[in-house]
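Okay, structure first, notes after.
Protein chains get the first letters and strands the later ones, always in sequence-line order, with residue 1 at the start of each. What you see below is based on every heavy atom in this structure, not just the backbone, and it leaves out hydrogens, waters and symmetry mates.
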There are 2 protein chains.
Amino acid sequence: MLFSTKAEYGIRLMVALGRADDGGGPVALASLAEAEALPLSYLEHLVAKLREAGLVSSTRGAHGGYRLGRPSGEITMQQVVESLEGPITPMDCFEQNGQGRVLCSHEHDADRACATKLLWTRVQGGITRALAGTTLAELVEFAERGERRPLKTAVAR
Amino acid sequence: MLFSTKAEYGIRLMVALGRADDGGGPVALASLAEAEALPLSYLEHLVAKLREAGLVSSTRGAHGGYRLGRPSGEITMQQVVESLEGPITPMDCFEQNGQGRVLCSHEHDADRACATKLLWTRVQGGITRALAGTTLAELVEFAERGERRPLKTAVAR
DNA sequence: CTAAATCCTAGCGGCCCGGTCGGATTTCCC
DNA sequence: GGGAAATCCGACCGGGCCGCTAGGATTTAG
């Protein structure tokens with residue numbers, strides 16, 4: 001209920017891109033869509049936002065495709081999720097304008113702080129800490145490790 | 001974008017109830033609605049869920065109203081939010097069945113872990129840690145500090 | 001020139017959210 | 001007993017976002 005599939009699909013897309021990032025040519029979106037079993041025409045919209053955020057770069061035309069915009073170790077999940085879903089806030093009325101100021105919609109009467117602000121601040125801290133502290137490189141490595149499991153299961157348990 | 005106003009309104013309702021919990025009579029929902037400037041008929045639906053969860057108790061009839069179901073120090077925000085919004089998951093495909101097992105919808109091919117699972121686990125940890133670590137008593141105190149305007153109970157007139 | 005790919009815009013059904021409404025029921029007070 | 005005050009209950013409803021599709025325009029390698 002927190003994030004939509006935009007974040008899910010986008011992250012899986014980025015992980016797949018990171019795994020294919022062997023310095024070779026760009027990867028066509030169609031092959032990623034097939035590998036992840038996701039609708040191609042929907043991914044097009046998502047990858048557009050990732051490109052606007054500079055997280056991926058594209059080359060058009062035949063034999064074109066996408067690459068990572070920068071090394072996977074310099075891409076945080078906060079950047080990925082925010083580029084797809086917009087700013088991460090626990091509540092609609094909870095926005096940061098400029099420097100960390102937070103305000104609720106019903107705070108129209110000046111500086112009377114509503115009690116929920118304390119809670120939302122903590123929740124947002126927990127979320128952003130998890131998102132900013134996880135890099136794409138980490139997830140790529142995690143996926144690489146998991147991909148070898150078919151061999152393990154073949155050996156039986 | 002994380003929680004809806006159900007959580008927001010519900011928490012403010014609980015805080016208002018906690019502030020009025022001076023051992024006197026129950027508090028009518030109408031007075032809470034007016035104090036918080038929230039629609040009464042909408043709060044009725046929310047307080048119903050809080051009652052089912054045992055977080056508030058009600059007395060019907062004239063001069064009736066609501067009280068806290070137990071001391072504010074024993075009510076965590078996780079309980080409040082979950083009773084209103086359902087189980088807290090960062091992603092729809094992310095559910096805990098029974099003992100901490102998590103699974104994604106696209107994990108149909110056995111135990112191949114998807115890369116996002118690592119991230120969602122961290123995010124959920126951050127959220128639940130913030131929610132479970134914040135008690136109603138804490139928010140009530142926070143509210144009292146900001147503004148000490150007592151709320152009348154039914155019997156007090 | 002053609003095929004392959006990215007890019008762009010529009011649309012659409014379904015679900016939940018926020019809120020309203022009307023009433024049924026319970027209980028206190030006179 | 002008869003209001004009046006309050007909780008309860010279920011149905012409804014407009015709007016917005018989500019997930020996805022469709023159709024084309026544009027760019028580029030071979």
Side-chain angles (χ1 to χ4, degrees), chain A residues 1-10 12-13 17 20 24-34 36-53 56-67 69 81 84-87 89 91-93 105-106, chain B residues 1-10 12-13 17 20 25-34 36-53 55-67 69 81 84-87 89 91-93 105-106 152-157:
Chain A
M1 314 276 258
L2 169 46
F3 298 126
S4 66
T5 64
K6 283 191 282 211
E8 169 83 13
Y9 292 179
R12 285 168 63 186
L13 198 157
L17 255 190
V27 184
L29 197 58
S31 64
L32 294 180
E34 192 187 11
E36 294 286 330
L38 297 177
L40 169 62
S41 40
Y42 188 39
L43 286 189
E44 287 182 0
H45 296 293
L46 304 185
V47 79
K49 295 181 180 178
L50 293 172
R51 182 175 46 84
E52 290 167 9
V56 303
S57 67
S58 65
T59 52
R60 304 186 62 171
H63 297 92
Y66 297 91
R67 308 183 160 79
V81 172
L84 292 166
E85 307 247 13
T89 61
M91 179 64 46
D92 306 5
C93 72
S105 59
H106 52 282
Chain B
M1 313 276 254
L2 171 44
F3 298 126
S4 65
T5 64
K6 282 192 283 215
E8 170 84 13
Y9 291 0
R12 285 167 64 186
L13 198 157
L17 255 189
V27 184
L29 197 58
S31 64
L32 295 180
E34 192 188 11
E36 294 287 329
L38 297 176
L40 168 62
S41 38
Y42 188 39
L43 286 189
E44 287 182 0
H45 295 294
L46 304 185
V47 79
K49 296 181 180 179
L50 294 172
R51 182 174 46 84
E52 291 167 10
L55 298 173
V56 302
S57 67
S58 64
T59 52
R60 303 186 62 170
H63 297 92
Y66 298 91
R67 308 183 161 80
V81 171
L84 293 166
E85 306 246 14
T89 62
M91 179 65 48
D92 306 5
C93 73
S105 59
H106 52 282
K152 283 190 261 194
T153 60
V155 166
R157 63 203 245 104

Notebook entry, point to check: On DNA chain C, nearest-nucleotide positions of A:His63 versus A:Arg51: which is more 5'?
Noted result: A:His63
Next item on the list: Ignoring backbone atoms, test whether B:Ser58 places a side-chain nitrogen or oxygen under 4.0 Å from the OP1 or OP2 oxygen of D:dC8.
Entry: yes
Check: Which heavy atom of B:Leu50 sits nearest a heavy atom of B:Gly10, and at what distance?
Finding: CD1-O, 4.4 Å
Next item on the list: Calculate, to the nearest 0.5 Å, the distance between atoms CG and CD belonging to A:Leu84 and A:Glu52 respectively.
Entry: 10.0 Å
Check: For A:Leu46 and C:dC7, what is the distance between atoms CG and P respectively, to the nearest whole Å?
Finding: 13 Å
Margin query: Reading DNA chain D from 5' onward, which residue's closest nucleotide shows up sooner: A:Ala62 or A:Phe3?
Written below: A:Phe3
Next item on the list: Specify the separation, in whole Å, of atom CZ of B:Arg67 and atom P of D:dT7.
Entry: 12 Å
Check: When you measure from the side chain of B:Pro39, which nucleotide among C:dG19, D:dT7, C:dA5 comes out closest?
Finding: C:dG19
Notebook entry, point to check: Between the main-chain N or O of B:Leu13 and the side-chain N or O of B:Glu36, is there a donor-acceptor pair closer than 3.5 Å?
Noted result: no
Next item on the list: Nearest whole angstrom, please: distance from the C1' of D:dG19 to the CZ of A:Arg12.
Entry: 14 Å
Notebook entry, point to check: Looking at A:Val81 and A:Phe3, what are the two nearest heavy atoms and their distance?
Noted result: CG1-CE2, 3.8 Å
Item checked: Closest heavy-atom pair and its distance - A:Pro26, A:Gly64 -> CG-C, 3.8 Å
Protein and nucleotides 22-26 of chain D: nitrogen or oxygen contacts under 3.5 angstrom:
from: D:dT26; atom 1: O2; to: A:Arg60; atom 2: NH2; distance (Å): 3.0

Next item on the list: Of all the heavy-atom pairs spanning B:Leu46 and B:Tyr9, show the shortest one and how long it is.
Entry: CD1-CB, 3.6 Å
Check: So does A:Tyr9 get a side-chain nitrogen or oxygen closer than 4.0 Å to the phosphate oxygens (OP1/OP2) of D:dG19?
Finding: no
Check: Which atom pair, heavy atoms only, marks the closest approach of A:Tyr66 to A:Leu17?
Finding: O-CD2, 3.4 Å
Check: What is the distance from NZ of B:Lys49 to C1' of D:dT7, rounded to the nearest Å?
Finding: 18 Å
Notebook entry, point to check: B:Glu52 CD to D:dG10 P: how many Å, rounded?
Noted result: 10 Å
Next item on the list: Could you tell me the separation between the CG atom of A:Leu40 and the P atom of C:dA4, rounded to a whole number of Å?
Entry: 14 Å
Output one line per pair: protein atom, nucleotide atom from nucleotides 13-17 of chain C, and distance, for all N/O pairs under 3.5 Å.
from: C:dC17; atom 1: OP1; to: B:Lys6; atom 2: NZ; distance (Å): 3.4
from: C:dC17; atom 1: OP2; to: B:Lys6; atom 2: NZ; distance (Å): 3.1

Check: When the distance from CD of B:Glu34 to C1' of D:dA6 is rounded to whole Å, what number comes out?
Finding: 15 Å
Check: Judged by atom type as modelled, is there a donor-acceptor pair below 3.5 Å linking the side chain of B:Arg51 to the main-chain atoms of B:Ser58?
Finding: no
Next item on the list: Using atom CG of A:Leu13 as one end and atom C1' of C:dT6 as the other, report the distance to the nearest whole Å.
Entry: 14 Å
Item checked: Non-hydrogen atoms of B:Leu38 and B:Arg12 that approach each other most closely -> CD2-NH1, 4.0 Å
